[in-house]
Amino acid sequence: LGKQAVFLSILDNLMCMEWFSSFGRNDFLVEVMDYLAENFNKPVTSADLARKFNFSADYIARKMKQYSGITPNRRIQQLKIEKAKQLLANTDHTLAFIAQEVGYNDLSVFYKAFRKQTGIAPGKWRQKNRI
């Protein structure tokens with residue numbers, strides 16, 4: 001089992017070196033980040049990323065974590081909350097509308113995610129940050 005792990009590690013490193021040397025390390029990850037930014041409000045799964053970029057979901061998550069410090073799912077959450085903040089500060093849309101707009105089908109899930117990331121409820125955040 002130990003030899004197999006070493007072999008797989010070496011194989012992974014060789015594949016990374018070959019791929020990154022031909023396309024550039026940052027290009028691939030920038031493409032992933034751009035794709036997430038363009039599609040954050042749609043249901044994007046790890047399997048979707050794997051199909052789109054022809055790598056395993058685990059590989060993409062691992063490389064993105066190395067590059068940016070966060071996983072694709074965490075980046076999607078950040079993008080959703082960033083967009084929600086913009087909408088809260090600049091519009092009079094309801095929380096339900098904003099939740100739908102940023103990709104949450106359930107208002108309570110949006111509320112919990114917003115509060116977890118910001119430490120404050122969306123309505124209170126709006127009151128404090130209204131432009």
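Numbering of residues begins at 1 and proceeds along the displayed sequence. Bear in mind that the values here come from a model prediction, so they are computed numbers and not experimental data.
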* **Test item: Leu29 and Lys63 side chains (from C-beta on) under 4.5 Å apart, heavy atoms** => yes

* Hey, is the main chain of Thr45 close enough, under 3.5 Å, to the side chain of Asp48 for a donor-acceptor pair? -> yes

* Phe55 side chain near Leu49 side chain, heavy-atom distance below 4.5 Å -> no

* To do: Please tell me if the side chains of Glu31 and Lys52 come closer than 4.5 Å, counting only heavy atoms from C-beta onward.
  => no

* Could you give the distance from OG1 (Thr94) to CD (Gln100), rounded to the nearest 0.5 Å? -> 9.5 Å

* When you check the side-chain N and O atoms of Asp106 and Ser108, is any donor under 3.5 Å from an acceptor? -> yes

* Just by modelled atom types, is the Leu95 backbone N or O under 3.5 Å from a matching donor or acceptor in the Arg126 side chain? -> no

* Asked: Do the side chains of Lys42 and Asn39 get nearer than 4.5 Å, heavy atoms only?
  -> yes

* Asked: Does any donor atom in the side chain of Gln77 or Arg74 lie under 3.5 Å from an acceptor atom in the other side chain?
  -> no

* Asked: Would you call Thr91 and Phe97 a side-chain contact if the rule is heavy atoms closer than 4.5 Å?
  -> no

* To do: Please check if the side chain of Arg115 supplies one atom and the backbone of Ile120 the other of a donor-acceptor pair under 3.5 Å.
  => no

* **Flag side-chain contact, heavy atom, 4.5 Å: Gln127 against Leu88** => no

* **Non-hydrogen side-chain atoms of Ile60 and Pro72 separated by less than 4.5 Å** => yes

* To do: Could you give me the CA-CA distance, side-chain angles and deciding distance for Lys85 and Phe114, then say whether side-chain contact (heavy atoms from CB on, under 4.5 Å) is met?
  => CA-CA 9 Å; Lys85 286 178 180 179; Phe114 191 95; 3.9 Å; yes

* To do: Apply side-chain contact (heavy atoms from CB on, under 4.5 Å) to Ile70 and Gln78, showing your working.
  => CA-CA 10 Å; Ile70 59 172; Gln78 285 179 341; 3.2 Å; yes

* Asked: Looking only at heavy atoms, which two atoms of Tyr104 and Ala113 are closest? And how far apart?
  -> OH-CB, 3.3 Å

* Asked: Are Lys80 and Glu101 close enough for a salt bridge, meaning some N to O gap below 4.0 Å?
  -> no

